[in-house]
Amino acid sequence: MENINVRVRFAPSPTGGLHLGGVRTALFNYLFAKKNNGKFIVRIEDTDQTRFVAGAEAYLLNCLEWCGIVPDESTIHSGNHGPYRQSERKELYQKYAQQLIDEGKAYLAFDTPEELSEMREKFKSAENPSPQYNAALRMQMRNSLSLSDADIKQLLADKTPYVVRIKMPENETVVFTDMIRGKLSFSTALCDDKVLLKADGMPTYHLAVVADDYLMEISHAFRGEEWLPSAPVHILLWKYLFGLDKMPQWAHLPLILKPDGNGKLSKRDGERLGFPVFAMNWTDPATQHTMDGFKERGFLPQAFVNMLAMLGWNDGTDREIFSMDELIEAFSIERIHKSGAKFDYEKAKWFNHQWILRLPTDAYLTEVDEIFNKKGMPVRDIEKLKHACQLVKDRCTSLHDFYDQAFFFFKTPTNIDTASIKEKWTEHKRIFFETFLDKLTTVEWSATAMEALFKTIAADQNIKVGELMLPLRIMLVGSKFGPGVFAIAELLGKEETTKRIQTTLQLLEVI
RNA sequence: GGCCCGUUCGUCUAUCGGCUAGGACAUCUCCCUUUCACGGAGGAAAGACGGGUUCGAUUCCCGUACGGGCUACCA
């Protein structure tokens, strides 16, 4: 079989981290590559020097690594197709641009940005709100097709800045097969003369994507649906430069939509609706504004990946829970959907809960420990934390919930909800708990033994057990939540349990 | 405006011409639980519309509507 080289391309920008759509594109690329024993290549471009941010490359790869999406080749991990940065490959693109010019497939355009917006203003109408630089208009602009040779020479001699534009054929039909959508056709008459090389000598995406994919022997390329309209330009460039037989197979992935209303999910939606949109947190270097990622919100990478995979793909059965290996095993590109999917944070949390239950506690103990540390409650006894996690995992949807659900194991509650019990508090109950405390010193320290003792004393003293359970819970936990009370007591230990009961008894005395 | 893509419960989706339209999230009811959850059982909830093709269309075709994407020297 031919070599399978699947690539995903990123262009980091300072305003945003790695969003859901980006991770999902990478994920599908990765699944496809692994499924077919191919290579997964991550390309991170410094497409625009002014926008490129130091640290962005490492950030992107960290995010992918957290997700378990590990590239075989990347800008940082390197491979044998370097150099990877666009700025270091400048001459290559210029060479291809020149080739196109020589063959009459592209031309030089000297129009200034002002002239371009002037043109757009001038030709703008109700029927045509966005006039294109195309066959109909290019002869009215200042370019190597409309100007005389002498003029062009003079402009070049004066070092007038220019761009290279593709000369779109007047009326040709470009046909190609998308792996997800099937056969698609576009008329070149509707595409404009896209800029291939910018005035600073750097390529636009259109030229770069074609040249890079060729040089790096890419066989398959997945990207977002938003690229579909410019696909004909890329197909044409492949035809002109390298031949369609060498062109990678395309797959245009559906978009991830905002949960409410319509449209592409944006980072603003996350802030507005209170959920993360990035894999890991990202600080905008300009504003120093940090946005949480799924990782920081207490998501497990397994759950995050699982959730993303199910947003636009399924295996045709009712199964929803997949590990990365299982995804690779089950993945098939034919089953990727064509339509966009609205992101549902509730469902994302459900996936996380499922993975919290499924994974052994050890898989996330370090993260939970860190969360306790950040809350200012360092856990000295990691084994105890582990037990606590096992006790409360049923009721945790995020890793942060472990703190809310288990903090009382590590710190005596300061707010005792005595209000809930004081109305029904009696002298009998006080006597009961004093007896219980007394006998506790002799009993074997286990939940079952304690429960038996508790019930025996209750029977002896003729008090309903139900009347005593809530008070005991309040004494140990501080309020009305948590796992079984005797299990809590067991983990708290004899000393702490006794102390908490005594403290609350005193509190009730005062009241 | 033009071009392209899409359209099954509120949401994510199953169905590759036979459907009493299945599952999951969310929601509601009940059970379990001497707390809060988990869990279990059940309920309500969908094929945008109009034409074809066919014995039979959610499924295939064509229109219409609606939604989205693109229409930059951004990707």
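Note on naming: letters A, B, ... go to the chains in the order of the sequence lines (proteins, then strands), and numbering restarts at 1 for each one.
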Find the distance [X]:[atom1] to [N]:[atom2] and express it as a whole number of Å.
{"X": "A:L190", "N": "B:G1", "atom1": "CG", "atom2": "P", "result": "15 Å"}
{"X": "A:W350", "N": "B:C25", "atom1": "CH2", "atom2": "P", "result": "5 Å"}
{"X": "A:L308", "N": "B:C12", "atom1": "CG", "atom2": "P", "result": "15 Å"}

When the side chains of residues 248-255 of chain A are checked against the rest of the protein, which donor-acceptor pairs come out under 3.5 Å, sequence neighbours left out?
from, atom 1, to, atom 2, distance (Å)
A:H252, ND1, A:D178, OD2, 2.7
A:H252, NE2, A:R223, NH1, 3.0

What is the nucleic acid contact for A:V195, judged by heavy atoms within less than 4.0 Å: base, sugar-phosphate only, or nothing?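 The residue A:V195 makes sugar-phosphate contact but no base contact.
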Under 4.0 angstrom, heavy atoms only, what part of the nucleic acid is A:E127 near: base, sugar-phosphate, or nothing?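 Answer is base: heavy atoms of A:E127 come under 4.0 Å of a base.
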For a quick test of reading the model, state the closest non-hydrogen atom pair linking A:V42 to A:P71 and the distance between them.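 Of all heavy-atom pairs spanning A:V42 and A:P71, the closest is CG2-CB, 3.5 Å.
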All N/O donor-acceptor pairs, side-chain side in residues 465-484 of chain A, below 3.5 Å, sequence neighbours left out:
from, atom 1, to, atom 2, distance (Å)
A:E467, OE1, A:K429, NZ, 3.4
A:R473, NH1, A:F481, O, 2.6
A:R473, NH1, A:G482, O, 3.4
A:R473, NH1, A:P483, O, 3.2
A:R473, NH2, A:P483, O, 2.9

Check nucleotides 60-70 of chain B against the protein and report each pair of N or O atoms closer than 3.5 Å, with its distance, or say if there are none.
from, atom 1, to, atom 2, distance (Å)
B:G67, O3', A:N262, ND2, 3.4

Any N/O pairs under 3.5 Å between the protein and nucleotides 7-11 of chain B? List them or say none.
none

Worksheet item: If we take the P atom in both B:C16 and B:U58, what is their distance in whole Å?
Response: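 Straight-line distance between the two P atoms is 14 Å.
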Members of residues 206-214 of chain A that approach RNA chain B, where some heavy atom sits under 4.0 Å away =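 Output list: empty, so none.
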Give me the distances for all protein-to-nucleotides 28-34 of chain B N/O pairs that come in under 3.5 Å?
from, atom 1, to, atom 2, distance (Å)
B:U34, N3, A:G466, N, 3.0
B:U34, O4, A:G466, N, 3.2

